[in-house]
Amino acid sequence: MKITNKFNVPEPLVALAKKEYYTKGKADYSVTEIMSPPRIQRLRRRHWDDMEQDVTDTLWSMLGSALHVVAERSEVHDHLNEERIYVEVDDVVLSGSIDLQQQVKGGIALKDYKFTSVWAVMNDKPEWEQQLNVYAWMVHKVKGVAIKGLQICAILRDWSSRKAQNESDYPPAQIQMVDIPIWSFDKTEKYVRSRVELHKESKVLADWDEELPECTEEERWVRSTTYAVKKEGRKTAVRVFDTQEEADKLIAEADEKDRSKLSVEVRKGEPVRCAGNYCGVNQWCSQYQNYLKEQSC
Ligand code: SF4
């Protein structure tokens with residue numbers, strides 16, 4: 001991966017961005033790798049040397065790494081920082097790096113630090129639940145201890161104190177502890193095996209992009225098309241609908257004097273992860289390139 005410096009930031013930051021803090025050690029896969037779509041993983045491995053990222057786009061991952069380094073230095077009784085754990089499953093070695101393990105009555109509680117957005121803590125994040133439950137499964141397998149709690153320590157990078165004072169459902173502080181439901185051991189093991197199998201199969205297909213399993217709508221972060229009713233002189237939409245019919249109906253039912261000021265703005269849906277190249281491989285991905293061709297027809 002090449003790190004560019006398009007905005008001329010100081011070289012020490014560039015050097016930091018180039019440094020890889022993350023290593024999966026002797027493992028075949030990390031937990032986050034098996035959770036992510038096989039298509040992304042295969043394409044990233046294949047095109048790693050050609051991939052490019054600007055240093056300014058690495059800020060949050062740099063700060064994430066920095067937080068882990070700082071956390072490692074903080075020694076607190078009954079708390080274990082940054083432990084890497086290995087588990088063999090179906091001839092594959094899986095590794096997971098557990099941010100924090102706290103000794104609690106009857107077992108261990110696991111916590112994971114995330115630099116994230118306010119939106120993330122106000123909405124469901126199934127990947128947090130998957131990741132922490134796989135860690136719990138690994139810790140239980142390796143240490144034989146009961147897992148008594150799972151939490152995300154969410155550090156909200158876009159938090160606003162003004163909104164916290166004025167909006168009742170807004171997170172009240174910049175750091176939020178998010179409780180994660182604990183799965184049964186069997187459910188997690190089934191999940192791990194299914195993900196490992198998927199990645200093993202796609203490894204065999206690594207050289208035939210067309211045959212790689214396609215990313216699902218959920219994995220592509222597909223945002224549906226919506227229909228916003230706008231009013232002349234007003235910045236925000238009056239209402240946003242899922243269908244054109246609903247938007248048209250609102251206008252048809254409006255007072256006659258208002259009707260001429262209303263219009264429908266079509267907000268076209270798209271696969272956000274592909275279009276924003278959040279996977280980093282959209283230029284080499286046949287699934288996304290085919291999608292673009294279909295859109296241009
Ligand atoms: S471009 Fe889209 S479909 Fe292709 S690998 Fe990335 S997320 Fe998946």
Side-chain angles (χ1 to χ4, degrees), residues 1-4 6 17 20 22 24 27-62 64 92 94-96 112 114-117 119-120 123-132 134 152 157-158 191-226 242 266-297:
M1 164 94 78
K2 292 179 202 116
I3 299 291
T4 57
K6 293 178 184 161
E20 282 186 36
Y22 179 77
K24 59 178 182 264
D28 297 297
Y29 297 103
S30 67
V31 170
T32 42
E33 275 178 343
I34 62 152
M35 282 170 51
S36 81
R39 171 171 284 264
I40 295 181
Q41 288 306 318
R42 296 313 319 167
L43 292 177
R44 283 176 72 88
R45 286 190 189 202
R46 202 186 304 167
H47 297 286
W48 184 254
D49 291 342
D50 301 318
M51 286 172 68
E52 232 182 66
Q53 192 174 30
D54 193 67
V55 62
T56 52
D57 294 326
T58 67
L59 172 69
W60 293 108
S61 81
M62 269 197 284
V92 157
L94 190 62
S95 86
D112 197 69
K114 301 271 184 224
F115 275 105
T116 188
S117 62
W119 184 92
N123 289 277
D124 283 341
K125 288 283 282 181
E127 59 271 35
W128 288 355
E129 191 169 322
Q130 291 155 357
Q131 186 183 4
L132 278 189
V134 177
I152 293 287
R157 52 197 190 202
D158 55 350
Y191 171 76
V192 172
R193 285 188 192 285
S194 70
R195 296 306 301 177
V196 166
E197 193 54 34
L198 204 59
H199 280 267
K200 276 167 79 177
E201 280 170 13
S202 74
K203 198 171 179 181
V204 180
L205 300 171
D207 288 332
W208 297 278
D209 177 14
E210 295 289 349
E211 291 181 40
L212 286 171
E214 293 210 327
C215 292
T216 63
E217 288 209 350
E218 200 184 357
E219 288 166 342
R220 295 161 70 219
W221 305 344
V222 170
R223 188 173 59 208
S224 324
T225 299
T226 54
D242 292 335
V266 179
R267 296 177 177 171
K268 207 166 170 347
E270 62 175 8
V272 176
R273 193 180 205 169
C274 315
N277 199 22
Y278 294 108
C279 61
V281 289
N282 71 1
Q283 63 178 300
W284 300 289
C285 173
S286 60
Q287 185 180 355
Y288 182 56
Q289 294 307 321
N290 289 339
Y291 164 84
L292 288 181
K293 271 185 220 148
E294 280 165 24
Q295 297 301 304
S296 62
C297 289

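All ligand and atom numbering here is 1-based and tracks the order in the structure. Since the model is a prediction, treat every value here as computed from it, not as a measurement.
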Is the shortest side-chain heavy-atom distance between [X] and [Y] below 4.5 Å?
| X | Y | result |
| --- | --- | --- |
| Arg273 | Tyr288 | no |
| Cys279 | Arg39 | no |
| Gln41 | Ser202 | no |
| Lys6 | Thr56 | no |

Query raised in the report: Using a heavy-atom cut-off of under 4.0 Å, does the side chain or the backbone of Cys274 touch ligand 1, or both, or neither?
Result: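 Contact part for Cys274 vs ligand 1: both backbone and side chain.
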
**Report entry** Lys/Arg-Asp/Glu bridge criterion (N-O < 4.0 Å) met for Glu33, Arg45
**Finding:**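 Yes, charged N to carboxylate O under 4.0 Å.
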
Just to confirm my output: which protein heavy-atom neighbour is closest to [atom], and how far is it?
| atom | value |
| --- | --- |
| atom 4 (Fe) of ligand 1 | Cys285 SG, 2.3 Å |
| atom 3 (S) of ligand 1 | Gln287 OE1, 3.3 Å |
| atom 8 (Fe) of ligand 1 | Cys215 SG, 2.4 Å |

**Report entry** Sub-4.0 Å atoms of ligand 1 with respect to non-hydrogen atoms of Asn282
**Finding:**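 It comes down to these atoms of ligand 1: 1 (S).
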
Query raised in the report: Which atoms of ligand 1 sit under 4.0 Å from any heavy atom of Tyr288?
Result: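 Heavy-atom distances to Tyr288 below 4.0 Å select 1 (S).
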
Query raised in the report: So, is the end of the Arg220 side chain (NZ or CZ) under 6.0 Å from the ring centre of Tyr291 and within 45° of the ring's axis?
Result: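 Cation-pi check for Arg220 and Tyr291: passes.
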
Report task. Answer yes or no for Cys279: is there an N/O/S atom below the 2.8 Å cut-off from atom 2 (Fe) of ligand 1? Result ->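 Given the 2.8 Å cut-off, Cys279 does not count as a ligand of atom 2 (Fe) of ligand 1.
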
